[in-house]
Amino acid sequence: MADANSAGPRWPRVLLKISGEGFVHAGQRGIAMDAVLHIARQTYQAAQHGVQLAIVIGGGNILRGAQFSAGDSSIREATAHYMGMLATVMNGLALQDALESLGCETRLMSAIEMHNVAEPYIRRRAQRHLEKGRVVILAAGTGSPFVTTDTAAAQRALELEAGCLLKATRVDGVFSDDPERNPHAVLYGELSYDDFLRQNLRVMDHEAVTKCRQHSLPIMVFNFRKQGLIEQAVLGRRVGTLIRAGAAG
Ligand code: UDP
């Protein structure tokens with residue numbers, strides 16, 4: 001892991017997962033372009049270090065399938081999950097325009113084909129874009145219902161051979177308990193996959209962590225609201241919590 005004084009980025013390519021909460025103000029729903037621009041500025045600054053950057057975006061600021069369908073028999077859960085995936089496409093379009101308004105070259109790729117708004121996700125094409133220095137925004141999750149965009153992020157990080165999955169979220173990292181409910185919750189600096197799963201910690205989807213564990217892909221969980229942390233995380237500096245094989249916990 002690079003320290004604050006080291007020159008270059010730690011990994012040549014990273015996968016950044018940004019939760020939908022990054023696209024709106026705390027406690028609100030929908031899309032707020034000033035919040036998107038805030039994320040875009042930090043992301044663009046990070047990309048300028050020459051790290052190849054793929055971004056998987058969430059949709060929770062608009063709709064989460066499981067919540068939307070819970071207790072309402074008039075909508076099938078699978079339908080609600082597809083709606084959630086479409087929400088991520090809206091966020092993707094917003095992030096693409098925000099990044100391009102700053103002069104950052106991007107490509108928006110969707111796991112659900114919709115040629116009028118995004119390229120279809122094709123792994124090798126995504127790799128080419130990354131090699132050419134474009135920021136690649138990956139929308140519509142995995143394209144399949146019943147999973148989250150955390151799982152999509154793990155999947156894409158593995159197939160695009162990213163060095164780390166960077167999970168940008170609204171809390172500082174992985175805590176021993178929900179820090180928004182328990183003021184005594186302790187923030188971990190480092191944690192093994194097994195400890196994360198055994199303690200049933202919640203900040204990241206367990207399916208995604210299991211996938212990363214299978215392939216020893218490190219995960220860094222950090223707070224996107226703190227200025228500069230996206231850039232530091234992309235450079236491979238230690239921010240938030242690192243989940244990796246053999247960590248002390
Ligand atoms: N979703 C899905 N398949 C995927 C990714 C996402 O069905 O591969 C749906 C799921 O309903 C999810 C919603 O899209 O709740 C929005 O994504 P997510 O909840 O992961 O967004 P975040 O919490 O990161 O904002």
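Figure legend: cation-pi geometry between R238 and F222 absent, as NZ or CZ is not positioned both under 6.0 Å from the six-membered ring centre and within 45° of its axis.
The side-chain heavy atoms of I57 and L138, taken from C-beta on, include no pair separated by under 4.5 Å. Counting only heavy atoms from C-beta outward, the side chains of I39 and F224 approach each other to under 4.5 Å. Looking at R125 and P120, their side chains come closer than 4.5 Å, going by heavy atoms from C-beta outward. The side-chain heavy atoms of F196 and V174, taken from C-beta on, include a pair separated by under 4.5 Å. Counting only heavy atoms from C-beta outward, the side chains of L53 and V14 approach each other to under 4.5 Å. For the pair R202/D178, no side-chain contact is recorded, criterion being any heavy-atom separation below 4.5 Å from C-beta on. Counting only heavy atoms from C-beta outward, the side chains of P9 and V234 never approach each other to under 4.5 Å. With a 4.5 Å cut-off on side-chain heavy atoms, V239 and M220 count as touching.
If you chain together hydrophobic residues whose side chains sit under 4.5 Å apart, V117 and V36 fall into the same group. Cluster annotation: L108 is connected to M114 through the hydrophobic network of ILVMFWY side chains, with a link wherever side-chain heavy atoms come within less than 4.5 Å. Residue V24 is not grouped with residue L37 when hydrophobic side chains (ILVMFWY) are merged at heavy-atom distances under 4.5 angstrom, including chains of intermediate members. Both I243 and L187 belong to a single network of hydrophobic side chains, linked directly or stepwise wherever heavy atoms of I, L, V, M, F, W or Y lie under 4.5 Å apart. Connection of V56 to I137 is not established within any shared hydrophobic cluster, with ILVMFWY side chains joined at heavy-atom distances below 4.5 Å, either directly or through further cluster members.
The nearest pair of heavy atoms linking A140 to I112 is CB-N, 3.6 Å. When all heavy atoms of A126 and L160 are compared, the closest pair comes out as CB-CD2, 4.0 Å. The two residues L130 and A54 have their closest heavy-atom pair at CD2-N, 3.9 Å. Taking every heavy atom of both residues into account, M83 and I75 meet most closely at SD-CD1, 3.6 Å. Minimum heavy-atom separation, Y44 to L102: CE2-O, 3.2 Å. When all heavy atoms of D177 and A185 are compared, the pair lying nearest together is O-CB, 3.4 Å.
Atom SG of C212 sits about 14.5 Å away from atom CZ of R244, to the nearest 0.5 Å. If you take SG on C104 and CZ on R41, they are separated by 13.0 Å, rounding to the nearest 0.5 Å. Distance OG/S144 to CE/M85: 6.5 Å, rounded to 0.5 Å. To the nearest 0.5 angstrom, L16 atom CG is 6.0 Å from T43 atom OG1. Distance check, rounded to the nearest 0.5 Å: CD of Q127 to CD1 of I122 gives 12.0 Å. Residue T106 holds its OG1 atom at 9.0 Å from CD1 of I55, rounded to the nearest 0.5 Å.
Using modelled atom types, no side-chain atom of T241 and backbone atom of G173 make a donor-acceptor pair closer than 3.5 Å. Panel note: side chain H206, backbone L201; a donor-acceptor pair is recorded below 3.5 Å. Without hydrogens or angle criteria, N61 side chain to E21 main chain gives no donor-acceptor distance under 3.5 Å. Not one N or O on the side chain of T151 forms a donor-acceptor pair closer than 3.5 Å with the backbone of V147. With S176 contributing its side chain and V186 its backbone, the two residues share a donor-acceptor pair below 3.5 Å. Judged purely by atom type and a 3.5 angstrom limit, N223 has no side-chain atom pairing as donor or acceptor with the backbone of A168.
Remark: the Q232 side chain and the R237 side chain contain no N/O donor-acceptor pair separated by less than 3.5 Å. Side-chain N/O atoms of H49 and E231 include a donor and acceptor closer than 3.5 Å. Checking Q199 against Y188 by side-chain atom types alone, a donor-acceptor pair falls below 3.5 Å. Between the side chains of Q155 and E159, at least one donor N or O lies within less than 3.5 Å of an accepting N or O. The closest side-chain donor-acceptor pair between E113 and H115 falls under 3.5 angstrom. Under 3.5 Å, the side chains of K17 and T149 contain a donor-acceptor pair of N or O atoms. Side-chain contact annotation: D150 with T148, donor-acceptor N/O pair under 3.5 Å absent. A side-chain donor from one of S192 and D195 sits under 3.5 Å from a side-chain acceptor of the other.
Note on E119 versus R107: salt bridge recorded, some NZ/NE/NH1/NH2 to OD/OE distance being below 4.0 Å. Salt bridge status for E180 with R170: present, with a side-chain N to carboxylate O gap under 4.0 Å.
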Checklist entry - Is there a side-chain contact (heavy atoms from CB on, under 4.5 Å) between Q96 and V135 once you walk through the steps? => result CA-CA 9 Å; Q96 180 173 45; V135 171; over 6 Å; no

Item to check | Derivation of the side-chain contact (heavy atoms from CB on, under 4.5 Å) call for S69 and H81 | outcome: CA-CA 9 Å; S69 61; H81 285 298; 5.7 Å; no

Item to check | side-chain contact (heavy atoms from CB on, under 4.5 Å) between L191 and L242, intermediate numbers included | outcome: CA-CA 6 Å; L191 205 64; L242 182 69; over 6 Å; no

Next on the checklist: Quick one, L217 with I219, criterion side-chain contact (heavy atoms from CB on, under 4.5 Å). Give me CA distance, side-chain angles, the key distance, then yes/no.
Outcome noted: CA-CA 7 Å; L217 176 72; I219 306 165; 5.7 Å; no

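Annotation: H215, atom NE2; neighbour count of heavy atoms from other residues, nucleotides and ligands within 6.0 Å is above 12.
Under the side chain to side chain contact (heavy atoms under 4.5 Å, CB included) rule, Y193 has a single partner from R213, R198, Q214, K211, which is R213.
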